[in-house]
Amino acid sequence: MSDRLFIFDTTLRDGEQVPGCQLNTVEKIQVAKQLEALGVDVIEAGFPISSPGDFNSVREISKAVTWPTICALTRAVEKDIDVAVDSLKYAKRKRIHTGIGTSDSHIKYKFNSNREEIIERAVAAVKYARKFVDDVEFYAEDAGRTDNEYLARVVEAVIKAGATVVNIPDTTGYCLPSEYGEKIKYLCDHVAGIENAIISTHCHNDLGMATANTLSGVLNGARQVEVTINGIGERAGNTSLEEIAMILKCHKGIGIDTNINTTKICPTSRMVSSLMNMPVQPNKAIVGRNAFAHSSGIHQDGVLKNVETYEIMNPKDVGLDDNAIVLTARSGRAALKYRMGVLGIKIDNEEKIDKIYKEFLKLADQKKEVTDDDILVLAGADRADTRAVSLDYLQVTTGKGFKSVASIGLDISGQKFEEAATGNGPVDAAVKALKKVIQKKMVLKEYTVQAITKGSDDLGKVHVQVEYDGNLYYGFGANTDIVTASVEAYIDCINKFRIK
Ligand code: KIV
Ligand code: ZN
C-alpha cells in the first residue's frame with residue numbers, strides 16, 4: 001500500500017513571475033486545462049491582489065477547470081484575502097494560500113517586527129481566511145532560514161487557527177537536502193496537532209538543490225510538493241514537476257504515488273515552453289531535447305543491444321513519441337493538426353489552423369523538414385496576430401567591406417510606414433531603421449540568438465530585452481532569417497510597451 005503525494009502546481013504563479021514569461025488569461029486557461037489533464041491536485045492560479053489581470057485569470061481558471069483545487073496567493077493581509085475570496089467565487093474546490101516571512105531577516109528588515117507579533121499576524125490571517133473557505137494553506141516564507149524551534153511554534157499556532165496545509169518554503173534555495181529533510185522531520189516530531197495538516201515543500205533552485213530538497217522533505221514526512229513545469233520560477237526556478245513525478249515512478253521502492261499521468265509530461269512541457277517563449281535547456285532532465293538522445297558510440301551500441309543498458313525510463317512513459325512523423329511540404333493539414341495535438345497545442349478554431357497551415361507550407365518550402373520546435377514557433381506566432389505594430393517587409397544589404405543598409409516597412413494599426421538606415425552590421429541597420437519609424441527612446445539591453453541546431457535552413461530564435469520609459473520589456477522572434485527574427489523580437493517588445 002503506497003502513500004499518496006499531492007502535486008501543487010505553481011507554474012501559473014511562481015513560474016509566471018519570471019520576467020518575459022507573462023501569459024494572458026486565454027493562455028493561462030490553456031495551461032490550466034493541460035495541468036488538469038496531467039493530473040495535478042492543486043493549481044495555484046495567481047496572486048489576485050497583485051493586478052486586475054491576475055484576478056481575472058484566477059476567476060476564469062476557476063470557471064474552466066473542474067477537478068483540481070484552485071488556489072490563490074495572498075499576503076497575511078485582510079484586503080488580499082478579500083480579493084482572493086472574490087477571485088475564487090466560481091471554483092468548485094478552492095484554497096487560500098496566505099502567509100508571512102518567518103526568518104529573522106524577514107522579521108527585522110521586511111516587517112520591522114518581532115517574532116511574537118509575526119505569530120499573531122499569521123494566526124489572524126489564517127483565522128480570517130477560514131471564515132470564507134475550508135481549505136487554507138499557510139506559508140512561512142524563508143522557512144529554509146528560519147530556526148526550527150521558532151518555525152515549530154509558528155506552524156503549531158497556524159494549525160490551531162485552522163490551517164489545513166503548512167508550506168515550508170526554502171525561498172532562497174539555501175538549504176542542504178539533509179538540512180531541509182531534518183526541518184520537516186523536526187516539525188513532524190515537535191508540532192502538536194501536526195497530524196491535522198499536510199506539510200508541503202516549496203523549494204527554489206538557487207544552488208541546484210530544489211529537487212533533492214523536495215525529495216528529502218517527502219522522505220521525511222511532507223505529503224504535498226509545490227512544483228512547476230520545466231522548473232520555471234523566480235531566479236533559478238522551482239522544483240520541476242516532471243523530476244519529482246518520474247523519481248517516484250522510477251523508484252517504486254519509495255512507496256509513494258502521485259496522480260500524474262506521466263505520458264502528458266512532454267506535451268505539457270512543450271506547451272508551457274512555447275506559450276512562455278522560454279526554451280528548455282537541451283540537457284534538462286526528463287524534458288530536454290537530449291534527455292533520451294544517446295550520442296556516444298558505446299552508448300548507442302548498448303542501447304541497440306538492450307535499452308536497459310543506458311535507459312532508466314521508457315521515453316513513451318513521459319509522452320515522447322519516437323514514431324514522430326516528419327512533416328514536409330507534402331504533409332497535409334490533418335498531419336499538422338495531429339502533430340500540434342501531440343505537442344500540447346489545442347486550437348479548435350479551424351480558421352486559425354488554416355492560417356498556421358499556410359505559414360507551415362511557407363516554412364516547409366524553405367526547409368526540408370519541419371521540426372516540433374518549428375511548429376511550436378508557428379503556433380506561437382499566430383497568437384501575436386492582434387498586435388498593433390507588425391513587420392510588412394525588411395530588406396538588408398550586407399557584406400564584408402561596406403556598411404550594412406536596411407529598409408523597413410511597418411504596419412502600425414493599419415497605417416503604413418517606411419524608413420531606411422545604415423548600421424554597423426545587418427541587425428544594427430535594421431534596428432536603426434525600425435527606431436526611425438517608432439521614434440521612442442528605447443535601449444536594447446540584452447540580445448540572445450538561440451543556436452541553430454538542425455542545419456543552416458533552421459529557424460533562428462531571438463530573445464531581446466528592451467528598456468523603455470524606466471521599464472524592461474522582453475520580446476521573442478523566430479525566422480529562418482536571423483535579422484528578421486531580431487526585428488520581430490524588437491517589435492514584440494514594442495507591442496508590449498505601456499504607453500502613459
Ligand atoms: O518562495 C516562496 O517563499 C513563495 C511563497 C510566497 C510561497 O513563493
Ligand atoms: Zn516561491
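Here, residue 1 is the first one in the sequence, and each next residue gets the next number. The structure displayed is predicted, hence computed values, not measured ones. For ligands, and for the atoms within them, numbers begin at 1 and follow the listed sequence.
- Remark: ligand 1 atoms within the under-4.0 Å shell around heavy atoms of E141 are 3 (O).
- Two residues are said to be in side-chain contact when any heavy atoms from C-beta on lie closer than 4.5 Å; Q34 and P267 meet this criterion.
- The atoms of ligand 1 that sit less than 4.0 Å from any heavy atom of N167 are 7 (C).
- At least one side-chain heavy atom of S240 sits under 4.5 Å from a side-chain heavy atom of K284.
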Check step by step if side chain to side chain donor-acceptor pair (under 3.5 Å) holds for T10 and E226.
CA-CA 6 Å; T10 184; E226 304 196 3; 5.9 Å; no

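- The proximity of H202 to ligand 1, defined as any non-hydrogen pair under 4.0 Å, is limited to the side chain.
- For ligand 1, one of its N or O atoms has an N or O atom of H204 under 3.5 Å away.
- In terms of N/O distances under 3.5 Å, ligand 1 is not approached by E226.
- A cation-pi geometry, defined here as NZ or CZ lying under 6.0 Å from the six-membered ring centre and within 45° of its normal, holds between K63 and Y90.
- Not a single N or O atom of D142, backbone or side chain, sits closer than 3.5 Å to an N or O atom of ligand 1.
- Side chain of S103 to backbone of H106: a donor-acceptor contact under 3.5 angstrom is found.
- Taking backbone and side-chain atoms together, D14 has an N/O/S atom less than 2.8 Å away from the Zn ion (ligand 2).
- Nearest protein heavy-atom contact of atom 3 (O) of ligand 1 is T171 OG1, 2.7 Å.
- Counting non-hydrogen atoms of neighbouring residues, nucleotides and ligands closer than 6.0 angstrom, the NZ atom of K445 reaches no more than 12 such neighbours.
- Close approach of ligand 1 to D14 is summarised as follows: ligand atoms under 4.0 Å from at least one heavy atom of the residue are 8 (O).
- Proximity of T10 to ligand 1, defined as any heavy-atom pair under 4.0 Å, is not found for any part of the residue.
- A donor-acceptor contact closer than 3.5 angstrom links the side chains of D135 and T164.
- Among the candidates D170, T171, T172, D14, the single residue satisfying the side-chain hydrogen bond (donor to acceptor under 3.5 Å, both in side chains) test with H204 is D14.
- By the 3.5 Å distance cut-off applied to N or O atoms, R13 is counted among the residues near ligand 1.
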